[in-house]
Amino acid sequence: MSDIKCIGIATGGGDAPGLNAVIRAATKAAILSHGWKVIGIPDGFDGLIWPEKAFELTLEKVSGILPRGGTILGTTNRGDPFHYKSVVHGHQVTRDISGQVIANAHKLGIDAIISIGGDGSQKIAYALFQKGMKIVGVPKTIDNDLSATEVTFGFDTALHTVTDALDKIHTTAASHHRVMVVEVMGRDCGWIALEAGIAGGAHVILIPEIPFTVAHVCKLIAAREKQGKYFTIIVVAEGVKLPPELKENRRTDSVANLIGNAIAHGSGKEVRISVLGHIQRGGTPSPFDRILATRFGVAAVDLIAAGGFGMMVAVHGDSVVSVDIAHAIGHLKSVNPNGEVVRTARAIGIGFGD
Ligand code: F6P
């Protein structure tokens, strides 16, 4: 029998479609299945620095949030109570205020916390767990690059957004006989570029896991022209490894611009750039993401009830399971350059610029 009476929920790191679905599911399961009180912690663990900002999540409060993008709790990808930055007498200082954060959680009556976030947030959650806070994790990233779970919510919605953009870019590219370079998210791994590239009929996909050269991309464009295809769609992940000649300006320009300019120079074609940016993180979650987020929210509550602190929910095959946060953090799930999905893309003529 669990001695939990009240739980807190926090969302940290970049937002992802489906966060509200997790909050709603966890709140409903906590209230309806266990009779627990639920506290919403605003802006990640920052919300525990100012406990007066926390508020109760009731059934009414979570009503209607299922289809909403973003997070009703707010989030930050800067907050870290172990390295809290503030300005004292005009100087920036970094302090460890984790003890205060834990004390404030207890002051609010919170017995356990559900930390919904990516790798960075789970690292903080695990450190708080090691200091005695009862915490369970829910993984989140639109990049789908956490190795501990086969899939994260938000990824499917991002694929829909990028695929829709590629469908639209296709018609204008074909009409103008242009090369279109479309930059998508994927700081470390190329999952969005790879899967949306396949779904959206891209001709070239450039990802961090496969080094490319501009010369190879231009060859592909020329080969398409020979076949009477006068337009080319290139999807590039923002984290792509640039060839040495383009690296220098990475900080000042988007990778799409750098690559696009080099391709215009190398191919003689007219090139246009689209950087999709944060529209990939917004919008209403897809049915797949709503279902996964709901399963995660309920599983996180189950984990608390079972005393599985220091654990994170994850998808393995058909099931939602729990894994040790300690083993889950810091391990990225990269695209396998020789894996089945890349081979599928190559088999239908998609180039990777290698
Ligand atoms: O969630 C990861 C991610 O989507 C990356 O692909 C991207 O680099 C990053 O978020 C951007 O986050 P922000 O603009 O919030 O710093």
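These figures come from a predicted structure and were not determined experimentally. Indexing begins at 1, ligand by ligand and atom by atom, following the structure's order. Index from 1, following the sequence.
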Discussion item. Once ring pair (Phe, Tyr, Trp, His ring centres under 6.0 Å) is applied, what residue pairs with a partner in residues 167-202 remain, sequence neighbours excluded?
Written reply: H170-H203, H170-F231
Worksheet item: Less than 4.0 Å between a side-chain N and a carboxylate O, is that true for K247 and E245?
Response: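 Not counted as a salt bridge, because no side-chain N and carboxylate O are separated by less than 4.0 Å.
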Worksheet item: Under 4.5 Å between side-chain heavy atoms, hopping through other hydrophobics if needed: is there a path connecting L166 to I259?
Response: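 In one cluster: no.
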Worksheet item: For ligand 1, what is the set of protein residues having any non-hydrogen atom at a distance below 4.0 Å?
Response: N77, I142, D143, M185, G186, R187, E238, H278, R281
Worksheet item: Quick one: side chain to side chain contact (heavy atoms under 4.5 Å, CB included) partners of L108, sequence neighbours excluded?
Response: L48, P51, A54, I110
Worksheet entry | Contacts of H278 that satisfy side chain to side chain contact (heavy atoms under 4.5 Å, CB included) - sequence neighbours left out |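 Listed in chain order: M185, R281.
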Worksheet item: F129 vs Y126 aromatic rings, parallel, tilted or perpendicular, using cut-offs 30° and 60°?
Response: tilted
